[in-house]
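Every heavy atom of this structure was used, including side-chain atoms; hydrogens, water molecules and symmetry mates were not. A, B, ... follow the sequence lines: proteins, then strands. Residue 1 opens every chain.
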Amino acid sequence: MATSRRFTAGDLTLSEMITVYIEGKPVDVNVNDSAAAAALRAGIGYTRTSPVSGEKRAPYCMMGVCFECLMVIDGVASRQACMIKVQPGMRIKRQLGARELS
Amino acid sequence: MSCDFLVIGAGPAGMAAAATAARLGLSTLLVDEQPAPGGQIYRAVESRSETAAGVSQVDWESGVALAKEFRAAGAAYQPGTQVWQMEKEQEKKRKVYVTDGVKASCIEARRVLIAAGAMERPVPIPGWTLPGVMTVGAAQILYKTSHWMPPGGAWIAGSGPLLWLYAAQVLEAGGKITGILDTTPAANYLHALRHGVGALRNLSYVHRGRALQQRVRAAGVPVIKNVTALKAQGTNGNSQLASVRYCVNDQWREKPASMLLLHHGVVPNVQATLSLDAAHRWDDVQRCFAPVVDLWGDTSVEGYAAAGDCAGIVGAEASAVQGRLAALEAARALGSIDEAQRNMRAAPLRQQLTRHLPIRPFLDQLFAPRENLLLPHDDVLVCRCESITARQIRDTVALGCRGPNQMKAFTRCGMGPCQGRMCGLAAAEIIAHARGVSAGDVGVFNVRPPLKPISIGELAALAD
């Protein structure tokens, strides 16, 4: 996490870090991060697999257009992770294939 | 819930429109999918200091002022709200359905302004679906909201002002840009010169653009010009980007890359106006569709207007002015001002537009997308959601499909969760080229509700 701290130092409005759980592991992220940004910060690489081809995918547009950032957030599947701001303790997991009908 | 004037989108056009309308006494509601006002250009404008935005973003103060004006004007505001259906007039009301992600609800409005902004033009290249490839706009959003920068540096490829602005911002903040692969065709500079008079009338834009390019070069970032084609290569198993390949003078070269940021200009976000079945036009220079609007932003659908970049790319400052003009016309239509008052208030705004707009033909020509990039090779994935290649699209033309909607029925292209937002323009270009006609003649995907996927649980809340 050295990278993110380096870039937030000296800017008080951005300096607050919170802990979220990404793929079950606690990660310190910026309080202004979206869930998708947090996943990128954590360096987990891909954030979902395509339900059609199984290919690994990651956030592409970060503005709610491309739907590549679909993740499981606090137990809810297929959320647009770029549109959801992190909350302390938020659980963010990869969306693997299609969501289940439940 | 009901209101006189519903504004969709909290970018410059939406904020300016809502503030203007509220001050004229209209009960005004602004809904926006983001958690805070600003749109993409002024993203996080209330939470970031001006210095944090970087000196490169010189018009940041306009955004700060707009957000303050909007907050002070007394318009109601619902952030974190998605519009998923808009209905045409019934009994002088327009019903617009929204969801906050938990519960759906219905807003009844007498007039509606769509201020949905722009999106980056999706240009499919081989490997653009690999983790490690995203758009320059996406990276800039990450920078603006929480100062994230690519930890190992990034290659930037494409064309357009945003590419240079982002590179300058990252360098200024101490980040690393590995290199720039500039796809702007050399001929564009000549074509743009034909609109040099307009550029002379907006010299500050030209100076700003040149200063950004100089700053990037001065930082020692390699800038490779006249790049004609791009490929992203993955690691074994394609779980991550490994390198970027690019073609200059028919020679391919390869560089290792941990991140590749693509940018090919911005196009209007027309999903909302398309869903209304409003009349649209094809812009052959910007190579995009935009709704047909009159001088006040009114679309062909009664009671629905569009302002800002979603009605044709004009930039942030002109967008705000267009938002105000649309609000004035709404106030006239709803009886809070008369036609003379509307025209009197509009006159100085029209003056402002003539100051902001002369540069546009110059910029449009200079950053017009490279033609061959709009026509991906057969193996390139065009529809990311449904994994449909350019070949599959071309095959449907050979079968007799004349436009995207027939093609969609054969392939599922455009039927995934993004609902054709990412593949729509590319599909239109591919079909048009295969048929030997203009993309304007083949048209775009029909857009149907819901505009964004919505769960049965959210829908059920409507019955409460």
Would you say Arg41(A) and Ser146(B) are linked by a side-chain donor-acceptor pair, where the criterion is simply a distance under 3.5 Å?
yes

Show the numbers, then the answer: is there a side chain to side chain contact (heavy atoms under 4.5 Å, CB included) between Glu68(A) and Met422(B)?
CA-CA 10 Å; Glu68(A) 290 288 9; Met422(B) 296 299 286; over 6 Å; no

Side chain, backbone, both or neither: which part of Leu381(B) has an atom under 4.5 Å from a heavy atom of chain A?
side chain

Interchain contact, Gln40(B) with chain A, by part (heavy-atom threshold 4.5 Å)
side chain

How far apart are the C-alpha atoms of Asn30(A) and Trp148(B), what are their side-chain angles, what is the distance that settles it, and do they pass the side chain to side chain contact (heavy atoms under 4.5 Å, CB included) test?
CA-CA 9 Å; Asn30(A) 187 300; Trp148(B) 184 88; over 6 Å; no

So which part of Leu262(B) gets closer than 4.5 Å to some heavy atom of chain A, the side chain, the backbone, both or neither?
side chain

Strictly distance-based, threshold 3.5 Å: is any side-chain N or O of Lys452(B) a donor or acceptor partner for the main-chain N or O of Gly64(A)?
yes

Where on Pro59(A) is there a heavy atom nearer than 4.5 Å to chain B: the side chain, the backbone, both, or neither?
backbone

Heavy-atom pair with the smallest gap, counting every atom of Cys418(B) and Val65(A):
CB-O, 3.4 Å

Contact part of Gln82(B) toward chain A, heavy-atom cut-off under 4.5 Å: side chain, backbone, both or neither?
side chain

Let's go through Asp33(A) and Thr145(B) carefully: what are the C-alpha distance in whole Å and the side-chain angles of both, what is the deciding distance for side chain to side chain contact (heavy atoms under 4.5 Å, CB included) to 0.1 Å, and is it a yes or a no?
CA-CA 7 Å; Asp33(A) 276 343; Thr145(B) 47; 5.7 Å; no

Answer whether the closest heavy-atom distance between the side chains of Tyr46(A) and Asn238(B) falls below 4.5 Å.
no

